[in-house]
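Inspection log for the structure reproduced underneath, given as structure tokens.
Order of listing sets the numbers, starting from 1, for every ligand and every atom in it.
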Amino acid sequence: MTRTITSFINGAFVPAEGARLFDKRSPVDGRVMARVAEADAAQVDAAVQAARRAMAGEWGRMGTEKRCALMHAVADEITRRFDDFVAAEMADTGQPNHVMTHVFIPRGAANFKIFADVVKNVATESFRMETPDGRGALNYALRKPKGVIGVICPWNAPFLLMTWKLGPALACGNAVIVKPSEETPLTATLLGEVMNKVGVPAGVYNVLHGFGPGSAGEFITQHPGVDAITFTGETRTGTAIMKAAAEGVRDVSFELGGKNAGIVFADCDFDAAVDGIFRSAFLNTGQVCLGTERVYVERPIFERFRDALKAKAEAVRYGRPEDHHNTYGPLISREHQQKVLGYYRLAVEEGATVVTGGGIPDMPPELAEGCWVQPTLWTGLKDDARVVREEIFGPCCHLRPFDSEDEVVALANDTDYGLSTTLWTQNLARAHRMAERIDVGITWVNSWFLRDLRTPFGGSKHSGIGREGGVHSLEFYTETRNVCIKL
Ligand SMILES: NC(=O)c1ccc[n+]([C@@H]2O[C@H](COP(=O)([O-])OP(=O)(O)OC[C@H]3O[C@@H](n4cnc5c(N)ncnc54)[C@H](O)[C@@H]3O)[C@@H](O)[C@H]2O)c1
Ligand SMILES: O=C/C=C/C=C(\O)C(=O)O
């Protein structure tokens with residue numbers, strides 16, 4: 001029998017009776033793997049009330065030491081149930097086992113530990129001031145949780161991106177209402193079991209399933225009992241959420257889309273650059289916000305680089321994620337597959353030369369209903385082509401030669417987005433100059449997706465508002481108060 005996934009409110013899974021159900025299909029073979037009960041407005045309200053009670057009760061009174069110890073216990077319990085989380089995330093996304101076991105699940109567990117340690121160790125500021133009577137005054141800052149945080153999550157790296165928000169939100173003492181993507185309901189649900197097991201009080205962690213507009217997502221962001229909203233997803237959705245947050249003047253933290261540039265200079269370590277750009281374009285089947293869809297290669301190595309990347313793209317192994325030999329998974333959904341294939345057609349209409357890919361791979365009959373697309377490389381498009389300007393969020397990139405540093409800085413910056421760049425050169429003085437000039441939140445030099453969780457993470461321009469990571473997360477998840485004492 002197909003299992004039914006339900007929301008988690010006030011420490012308990014809500015019975016599915018009477019709920020509207022929607023299908024969660026496997027991206028690998030298209031079969032219905034679960035039915036999900038959509039949360040209605042009354043359930044959203046119940047979750048918000050439960051969260052507010054938690055803030056007014058034991059959780060709100062809990063000391064930092066105990067709260068942070070609980071966060072470590074959450075991480076340890078995720079690690080104990082590692083295989084369950086890997087299986088759940090693989091089922092949701094269809095991405096290969098090694099990506100789950102090496103990146104997404106361990107980093108997800110680490111998010112709970114890192115932010116607990118940050119909260120315990122970061123001091124607040126203090127200023128001694130002079131006063132006319134000569135006795136002076138002392139100012140010091142207090143950090144208080146913001147309250148109930150709405151956490152609206154995407155489907156591309158569901159567990160990693162959700163815990164990236166939950167880690168700091170909970171370590172700072174907030175309660176949360178999580179809305180996982182309708183495409184990836186499993187790991188958020190499993191985390192409810194973990195929270196209960198380690199003794200996180202009821203109401204602190206709530207999960208509501210459903211869609212965005214006219215559904216759980218919109219109900220959460222419009223609810224006046226939600227004090228702030230953290231969101232990762234499309235820029236267009238961010239705009240809608242910001243409008244909802246304007247009511248009640250509530251704070252937002254946004255990680256949005258990207259159209260990131262990869263820049264390869266002729267003096268790079270060639271093999272490392274090919275590997276790095278390959279990962280940045282094709283990891284997670286290109287469904288990474290930080291991924292590279294525009295690649296600029298210095299002219300003397302352009303053809304050689306294009307051919308090396310083509311050879312790697314043609315060597316991916318498609319198949320079920322459980323099979324450890326497979327390196328490459330499907331897209332998340334039929335809808336997303338259609339969107340990406342639409343861009344594959346558009347590229348040809350816009351005059352691209354298809355270096356490799358451009359369609360659906362031949363798959364065995366049992367996987368033919370999966371959401372597969374080929375890794376795709378193009379050359380020859382104009383800089384104003386839609387394929388070069390719009391975020392596709394698929395396993396594809398356009399390669400273009402360049403001749404000078406100034407030219408490539410201008411090309412990299414010629415976009416509405418500003419999330420990340422990956423830069424390949426052995427000349428570190430140049431790398432430093434470029435990093436100052438390219439308008440993005442994150443620049444990688446001779447690497448990509450190398451993440452120290454203490455560093456600021458976020459985008460400029462249409463790629464987001466605010467920074468999360470390390471102490472930067474505390475700025476969003478707490479309200480800083482100043483206390484001024486006249487001595
Ligand atoms: N900058 C980053 O850190 C980062 C990271 C990962 C993904 N992304 C971006 O996310 C996008 C892919 O994810 P997606 O397709 O799940 O994004 P999406 O915006 O379609 O959906 C994200 C979440 O928002 C919800 N939602 C949709 N409309 C809503 C509304 N009106 N009100 C409230 N909630 C609503 C969805 O149900 C889902 O849970 C890409 O654009 C990608 O670049 C950005
Ligand atoms: O798709 C976006 C992935 C973002 C990754 C992180 O935020 C991280 O590594 O913590």
> For ligand 1, which atoms have a heavy atom of Glu218 less than 4.0 angstrom away?
Replying inline: 32 (N), 33 (C)
> Between Arg20 and Glu38, is there a side-chain N and carboxylate O pair less than 4.0 Å apart?
Replying inline: yes
> Which of the atoms of ligand 1 are close to Asn156, meaning less than 4.0 Å from one of its heavy atoms?
Replying inline: 6 (C), 7 (C)
>> Main chain of Ala272, side chain of Asn446: is a donor-acceptor contact present, judged purely on distance under 3.5 Å?
In response: no
>> Nearest non-hydrogen contact with atom 3 (O) of ligand 1 belongs to which option: His209, Glu255, Glu335?
In response: Glu255
>> Is there a polar contact, in the sense of an N or O pair closer than 3.5 Å, between Thr235 and ligand 1?
In response: no
> Is the centre of the Trp164 ring less than 6.0 Å from the centre of the Phe457 ring?
Replying inline: yes
> Of all the atoms in ligand 1, which lie at a distance below 4.0 Å from a heavy atom belonging to Lys179?
Replying inline: 36 (C), 37 (O), 38 (C), 39 (O)
> Looking at atom 9 (C) of ligand 1, what's its closest protein heavy atom, distance included?
Replying inline: Gly233 O, 3.3 Å
> If you count the atoms of ligand 1 from 1 in the order shown, which ones are under 4.0 Å from a heavy atom of Pro154?
Replying inline: 13 (O), 16 (O)
> Can you tell me which residue and heavy atom of the protein come closest to atom 10 (O) of ligand 2, and the distance to 0.1 Å?
Replying inline: Arg451 NH2, 3.2 Å
> Parallel, tilted or perpendicular: which fits the ring planes of Phe449 and Phe104, with parallel below 30° and perpendicular above 60°?
Replying inline: perpendicular
> In terms of ring plane angle, is the pair His462 and Tyr417 parallel, tilted or perpendicular, where the classes change at 30° and 60°?
Replying inline: perpendicular
>> I'd like to check which ligand 2 atoms, numbered from 1 as shown, lie under 4.0 Å from a non-hydrogen atom of Arg107.
In response: 8 (C), 9 (O)
> To the nearest 0.5 Å, how far apart are CG in Leu208 and CD1 in Ile152?
Replying inline: 9.0 Å
>> Using heavy atoms and a 4.0 Å limit, tell me yes or no: is Phe254 in contact with ligand 1?
In response: no
> What part of Leu161, side chain from CB on, backbone N/CA/C/O, both or neither, has a heavy atom under 4.0 Å from ligand 2?
Replying inline: side chain
> Backbone, side chain, both or neither: what part of Leu160 comes under 4.0 angstrom of ligand 2, heavy atoms only?
Replying inline: side chain
>> For the 3.5 Å polar cut-off, considering only N or O atoms, please tell me whether Cys153 and ligand 1 meet it.
In response: yes
> Would Ser181 count as a contact of ligand 1 if the rule is a heavy atom under 4.0 Å away?
Replying inline: yes
> For atom 8 (N) of ligand 1, what's the nearest protein heavy atom and its distance?
Replying inline: Cys289 CB, 3.5 Å
>> What protein heavy atom lies closest to atom 19 (O) of ligand 1? Include the residue and the distance to one decimal.
In response: Thr237 OG1, 2.6 Å
> When you check the gap from the basic side-chain N to the acidic O, do Arg320 and Glu322 get nearer than 4.0 Å?
Replying inline: no
> At what distance is the nearest protein heavy atom to atom 35 (C) of ligand 1, and which residue and atom is it?
Replying inline: Gly212 CA, 3.4 Å
> Just which atoms of ligand 1 are under 4.0 Å from any heavy atom in Leu419?
Replying inline: 1 (N)
> For the residue pair Tyr344 and Trp378, is the inter-centroid distance of their aromatic rings smaller than 6.0 Å?
Replying inline: yes
> Going by an N to O cut-off under 4.0 Å, is there a salt bridge joining Asp452 and Arg454?
Replying inline: yes
> Polar-atom distance check: Glu391 versus ligand 1, any N or O pair below 3.5 Å?
Replying inline: yes
> Does an N or O anywhere in Ser463 fall below 3.5 Å from an N or O of ligand 1?
Replying inline: no
> For ligand 2, which part of Asn111 has a heavy atom less than 4.0 Å away: the side chain, the backbone, both, or neither?
Replying inline: neither
>> Quick check on ring pair (Phe, Tyr, Trp, His ring centres under 6.0 Å): which of Phe85, Phe82, Phe112 does Phe159 satisfy it with?
In response: Phe85
> Does Asp76 pair with Lys113 as a salt bridge, N-O distance under 4.0 Å?
Replying inline: yes
> Which option, Cys289, Gly458, Pro154, owns the non-hydrogen atom nearest atom 2 (C) of ligand 2?
Replying inline: Cys289
>> Using a 4.0 Å cut-off to any heavy atom of Leu161, which atoms of ligand 1 qualify?
In response: 5 (C), 6 (C)
>> Give me the atom names and distance for the closest heavy-atom approach of Asn326 to His98.
In response: O-CD2, 4.1 Å
>> Would Glu369 and Arg334 count as a salt bridge (charged side-chain N to carboxylate O under 4.0 Å, His left out) here? Give the steps.
In response: CA-CA 9 Å; Glu369 292 300 311; Arg334 175 74 66 235; 3.5 Å; yes
> Do you see a protein non-hydrogen atom under 4.0 Å from atom 21 (O) of ligand 1?
Replying inline: no
> Does the pair Asp383/Arg400 count as a salt bridge with the N-to-O cut at 4.0 Å?
Replying inline: yes
>> Can you tell me how far apart OG1 (Thr292) and CH2 (Trp448) are? Round to the nearest 0.5 Å.
In response: 7.0 Å
> Which of the numbered atoms in ligand 1 are below 4.0 angstrom from a heavy atom of Phe457?
Replying inline: 3 (O)
>> Using a 4.0 Å cutoff against the non-hydrogen atoms of Phe211, which atoms of ligand 1 qualify?
In response: 37 (O)
>> Can a donor-acceptor pair be found, under 3.5 Å and without considering hydrogens, that links the side chain of Arg143 to the backbone of Val119?
In response: no
> In ligand 2, which numbered atoms sit nearer than 4.0 Å to a non-hydrogen atom of Phe457?
Replying inline: 4 (C), 7 (O)
